[in-house]
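Everything on this sheet refers to the single structure shown next.
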Amino acid sequence: RAKAAGGARTWFFDDALRTELSGQAALEDALRAGLVAGELVLHYQPVVSLQTGGTRGFEALVRWHRSGHGLVPPDEFIPVAERSDLVCDLGRWVMAQAAGQLARWRADGTVDEDVHVAVNLSGRHLAETTLVADVAEVLATSGLPPHLLVLEATETVVLDGPAMLPNLHAVRDLGVRLSLDDYGTGYTSIEQFRTLPLDALKIDRSFIVADAPQDVALVGLMVHAAHTFGLVVVAEGVERPEQVELLRGLGCDLVQGYLFSRPVPAGEVPALLRRTVVV
Ligand code: C2E
Ligand code: MG
Ligand code: MG
Ligand code: MG
């Protein structure tokens, strides 16, 4: 491609590419060092029951307190981590951290005994041979009942990697639960709900924010399909009270979004749980 561009432009593209690649490598090195140095933190966003208004669980979302850069959101460093095994180190750290945190909240009575924690795993880690051992170790170390650990995989990741299916079955056999994240953005046919080892479906935010009648109808279809296969339905990105009304009417089970709380540091969770949520 550089050749086709010809002449002086070849230099332009090569330089741009080189700068881009060395920038990514530098970011990857900084992230690896940051993970070791304890610069990563998890924030927790409540998952709320549409029936009771109670907090049924939390999603753990990673952030990077990068020295000199402030708080870096995951979209800016997960793609770089995914270029190498670093994303597996990250996944192990996130799982251990989240499971340990929930175990402590259970021990000190901060949360009810059926409250879960969900973590996001990258496709690369889900396909990794160490995945099952990684999950087993996190369960053993934290002592967390397996069903309270939820692993989220994005729809596109699950579809792109049929090779990871045995892994998904194996971790589910450990008793952890699996949730299909960002649902509706990929092309999962409803028929696949039968074969994928899933417990929950998270409808992508883009369907929740849209108010067009077609989108509402689509969400209704997703809820119906998910329930047909015994899956719990979570709607993400709920920001307005009207969306709660709509989702309740469509039979959605759980909701998550800024309306209830932004993701917060672990220290703010006890105060969050003392609030009364009206749904
Ligand atoms: P996700 O798993 O779909 O997480 C939901 C994202 O939506 C989070 O962004 C959350 O802060 C945001 N969100 C929640 N409620 C609302 C709302 O009402 N309105 C709006 N506009 N946004 C809302 P965040 O924390 O920036 O994470 C972005 C993505 O990064 C996540 O999407 C997930 O795919 C990935 N990610 C986060 N943590 C991890 C991790 O530990 N490991 C991996 N591999 N990926 C992660
Ligand atoms: Mg998620
Ligand atoms: Mg999502
Ligand atoms: Mg997402």
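Counting convention: from 1, in listed order, for ligands and their atoms alike.
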Logged contact type for Asp182 with ligand 1, heavy-atom cut-off 4.0 Å, is side chain
Members sharing Leu254's hydrophobic cluster, built from side-chain contacts under 4.5 Å between Ile, Leu, Val, Met, Phe, Trp and Tyr, are Val47, Val232, Val234
Note: Leu61, heavy atoms under 4.0 Å from ligand 1, region reported as both
NE2 of His147 to CZ of Arg172, rounded to nearest 0.5 Å, is 13.5 Å
Within the structure, is a non-hydrogen atom of Glu59 found at a distance of less than 4.0 Å from ligand 1? yes
Heavy-atom proximity to atom 45 (N) of ligand 1, picking from Leu42, Val62, Val238, Asn120, points to Asn120
Atom 19 (N) of ligand 1: of Met95, Gln45, Glu239, the nearest heavy atom sits on Glu239
*Examine Glu236 and say whether one of its N/O/S atoms is closer to the Mg ion (ligand 3) than 2.8 Å.*
yes
| task | Classify the ring geometry between Phe193 and Tyr183 as parallel (under 30°), tilted (30 to 60°) or perpendicular (over 60°). | result | tilted
- Item | Electrostatic pair Asp85:Arg124 at N-O distance under 4.0 angstrom | yes
Those residues at least two apart in sequence (or on a different chain) that pass side chain to side chain donor-acceptor pair (under 3.5 Å) with Ser49 are Thr52
- Task: Output yes when Arg83 and Glu28 qualify as a salt bridge under the 4.0 Å nitrogen-oxygen rule, no when they do not.
- Result: yes
Does a side-chain heavy-atom distance below 4.5 Å link Leu86 with Val80? no
Taking the Mg ion (ligand 3) as the apex, OD1 on Asp182 and OD1 on Asp181 give an angle, to 10°, of 90°
Heavy-atom proximity to atom 36 (N) of ligand 1, picking from Pro74, Ala235, Ala98, points to Pro74
Query raised in the report: Would one find an N, O or S atom of Thr154, in either backbone or side chain, under 2.8 Å from the Mg ion (ligand 2)?
Result: no
Any heavy atom of His125 under 4.0 Å from ligand 1? The part involved is neither
In ligand 1, the atoms that come under 4.0 Å of a heavy atom of Val94 are 41 (O)
Checklist entry - Looking only at heavy atoms of His43, does any of them come nearer than 4.0 Å to an atom of ligand 1? => result no
- Message: For Glu152, is there an ion pair with Lys202 - N to carboxylate O distance below 4.0 angstrom?
- Response: yes
If we number the atoms of ligand 1 from 1 as shown, the ones under 4.0 Å from a heavy atom of Pro263 are 11 (O)
Ignoring hydrogens and angles, tell me if any N or O in the side chain of Arg248 forms a donor-acceptor pair with the backbone of Leu50 under 3.5 Å.
yes
The N/O/S atom of Glu152 lying closest to the Mg ion (ligand 2) is OE1
Short version for Ile78: what comes under 4.0 Å of ligand 1, heavy atoms counted, is side chain
Of Leu121, Leu40, Asp181, the one whose closest heavy atom lies nearest atom 1 (P) of ligand 1 is Asp181
Among N, O or S atoms, Glu59 approaches the Mg ion (ligand 2) most closely through OE2
- prompt: Applying a strict 4.0 Å limit to heavy atoms, is Glu236 in contact with ligand 1?
  reply: yes
- Query: For His125 and Asp134, does a side-chain donor sit closer than 3.5 Å to a side-chain acceptor?
  - Reply: yes
Counting from 1 in the order shown, the ligand 1 atoms closer than 4.0 Å to a non-hydrogen atom of Ser122 are 44 (N)
Do the rings of Trp64 and Phe77 sit parallel, tilted or perpendicular, given the 30° and 60° boundaries? perpendicular
Contact region, Arg205 to ligand 1, non-hydrogen atoms below 4.0 Å, reads side chain
With heavy atoms and a 4.0 Å threshold, my read on which part of Val87 contacts ligand 1 is neither
Original post:
Does any N or O in the side chain of Asn167 come within less than 3.5 Å of the main-chain N or O of Glu128, such that one atom is a donor and the other an acceptor?
Top reply: yes
